[in-house]
Amino acid sequence: MCRPASKPYCPGEGESVLRILLPGPLNLEVTLECGQAFRWEKVQGSRGIAYKGVVGAYSVMLSLCDVSGTCGEKDAGREFPCLLVSFDPVVVKGTTREMLADAVFRYLSLDDDLDTIETTLIEKDQIMRKALEFSRGLRLLRQDPWECLASYIISVHNNIPAIRRVISYLSKQLGEPTGLREYSFPAPRAILSNPAVLDLARCGFRKEYLLDAARKVDGGEVDLSALGEMPVEKAASELMKIKGVGPKVADCVLLFAYHRLEVFPVDVWILRAMSRFYFGGRQISTKTAREEGIRRFGKFAGYAQEHLYHYVRNSFGL
DNA sequence: AAACAGGTGCTAA
DNA sequence: TTAGCACCTGTT
C-alpha cells in the first residue's frame with residue numbers, strides 16, 4: 001500500500017478512477033460549497049454523493065470513501081481515508097494518472113497541515129473555536145488564477161446562483177471540453193474575440209470589468225504568472241490595475257488562487273461578523289475589519305476568514 | 001413593489 | 001483619506 005508522504009495516489013481502482021490517500025483531514029462538502037469556488041456541483045455518483053468540477057484541463061468527480069470501507073489505512077494509530085477521483089479516460093488520454101493525482105492533490109491543498117492550522121486558530125479565541133467546530137476539514141483551494149480572478153469580478157454586487165449561471169454559461173460557450181460534459185473556463189483571448197457572449201451571459205455592468213481584465217492579462221500588462229513571487233501588497237496592487245478589482249476581489253484571488261494565507265478578504269458577511277464578535281456590534285469600516293483580522297489571526301488569517309464566513313452564513317441570522 | 005445581492009468607480013468634502 | 005451613491009440583472 002502507498003503512504004501519503006511518499007506516494008500520494010494508488011492505482012488499480014479501475015480504468016477511470018484513481019485514489020488519493022489523504023495525509024490529513026478533508027471535509028469535501030465544506031471545502032467545495034463554502035463559496036471559495038463557484039463551479040462544483042453535487043451529484044449522485046456510482047458510490048454515493050460526489051462533486052463534479054474541473055481541475056486544470058480535466059473534469060473530475062470527487063468523493064470520499066466511506067468510513068467503514070476497506071480503502072482507508074491506519075498509520076501510527078490514525079486512519080487516513082481515501083479520496084476517489086473519477087475522470088473521463090478519453091479526455092485524460094495523454095496525461096498520466098500521476099499527473100492528474102498531483103493536480104488534484106495540489107488543487108485541494110492536501111499539503112496544508114490542517115492540524116497545525118486549526119489548532120493555532122482554536123487557541124486564538126472562543127469565537128474562532130466555535131466557528132471551527134462548524135467547518136473542520138475545510139481546505140483553501142489553489143484555483144486557476146485567471147478563472148478565479150474572472151469569477152470574483154463576476155461576483156461583484158451579485159448573488160451566488162447568478163454568479164454560477166454566468167460562469168457556467170461562459171464556459172459552455174467559450175471553454176474547451178474537459179470530459180464529463182463539462183468545459184474549462186474560457187481563456188482571456190476567447191472572451192476578447194467573443195465579447196457579445198458576455199451580454200448573453202447576462203453579466204450586466206461587469207462586462208466592461210471582465211473585458212478590461214481579459215485585455216490586461218492577455219496583453220501582459222498584468223502578469224498573473226508573476227504574482228506568486230511578489231509581496232502580497234504588491235501583488236494586490238497589480239490586480240487592482242484592473243477595472244472592477246478592488247481590495248476584496250484582489251484578496252480573494254490572492255487567497256483562493258495563490259494560496260496567500262495571510263490575507264483576510266472582507267465582504268459584507270465578514271464585516272458584520274467582525275463588528276459583532278470583536279467590536280461589540282459597533283459600526284466599523286472594511287479597512288478596520290481587515291486590519292483586525294490580520295492582526296488577530298496572523299499567517300493563517302485566510303483560514304480564519306473562511307471559517308468565520310461559513311460560521312456566520314450557516315449558524316447565524318446576521 | 002421595493003429592496004437587496006460575496007463591491008467598485010466616481011465625485012465631493 | 002473617507003463618505004455617499006449608482007450600477008445590470010434576477011429574486012423575494
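As a basis for the values below, the full set of heavy atoms in this structure was taken, side chains included, without hydrogen atoms, waters or symmetry mates. Below, chains carry the letters A, B, ... as their sequence lines are ordered, and counting in each starts from 1. It should be emphasised that the depicted structure is a prediction, and the values quoted were computed from it without experimental measurement.
Of the two residues contacting DNA chain B, namely A:Asn158 and A:Gly244, the nearest-nucleotide position lying further toward the 5' end is that of A:Asn158. Residues A:Pro161 and A:Val156 each lie close to DNA chain C; by heavy-atom proximity, the contact nearer the 5' end of the strand is made by A:Val156.
One interatomic measurement links the two molecules: CG of A:Asp212 to C1' of B:dT8, which rounds to 13 Å at whole-angstrom precision.
Using the Watson-Crick or G-U wobble rule with both distances under 3.5 Å, C:dT12 pairs with B:dA2. Under the Watson-Crick or G-U wobble criterion, with both distances below 3.5 Å, B:dT8 is paired with C:dA6.
A:Gln36 comes within 4.0 angstrom of a base, heavy atoms only. The residue A:Phe256 sits apart from the nucleic acid: no heavy atom pair falls under 4.0 Å. At the heavy-atom level, A:Lys207 lies nowhere under 4.0 Å from the strands shown. Counting any heavy atom pair closer than 4.0 Å across all strands shown, A:Ile242 reaches sugar-phosphate atoms only and no base atom. Within 4.0 Å (heavy atoms only), A:Ile160 reaches at least one base atom of the nucleic acid.
Between A:Val232 and A:Val263, the shortest heavy-atom distance links the atoms CG1-CG1, 4.1 Å.
For A:Lys241, the NZ atom is densely surrounded, since the number of other residues' heavy atoms within 6.0 Å is greater than 12. Within 6.0 Å of the CZ atom in A:Arg106, the count of heavy atoms belonging to other residues, nucleotides or ligands does not exceed 12. The environment of CZ in A:Arg189 is sparse: at most 12 heavy-atom neighbours from other residues, nucleotides or ligands sit within 6.0 Å.
Closest to the A:Arg272 side chain, of the nucleotides B:dG9, B:dG6, B:dA5, is B:dA5. Distance from the side chain of A:Phe205 is smallest for C:dC7 among the nucleotides C:dC7, B:dG9, B:dG6. Distance from the side chain of A:Arg165 is smallest for C:dT11 among the nucleotides B:dG6, B:dG9, C:dT11.
A:Lys42 has a carboxylate O that lies under 4.0 Å from a charged side-chain N of A:Glu33, or vice versa, which qualifies the two as a salt bridge.
Here A:Arg202 does not reach the OP1 or OP2 of C:dC8: none of its side-chain N or O atoms lies under 4.0 Å away.
By the 5.5 Å and 30° criteria, A:His157 is stacked with the base of C:dC7.
Side-chain atoms of A:Tyr152 stay outside donor-acceptor range of the base of B:dG6, with no qualifying N/O pair under 3.5 Å.
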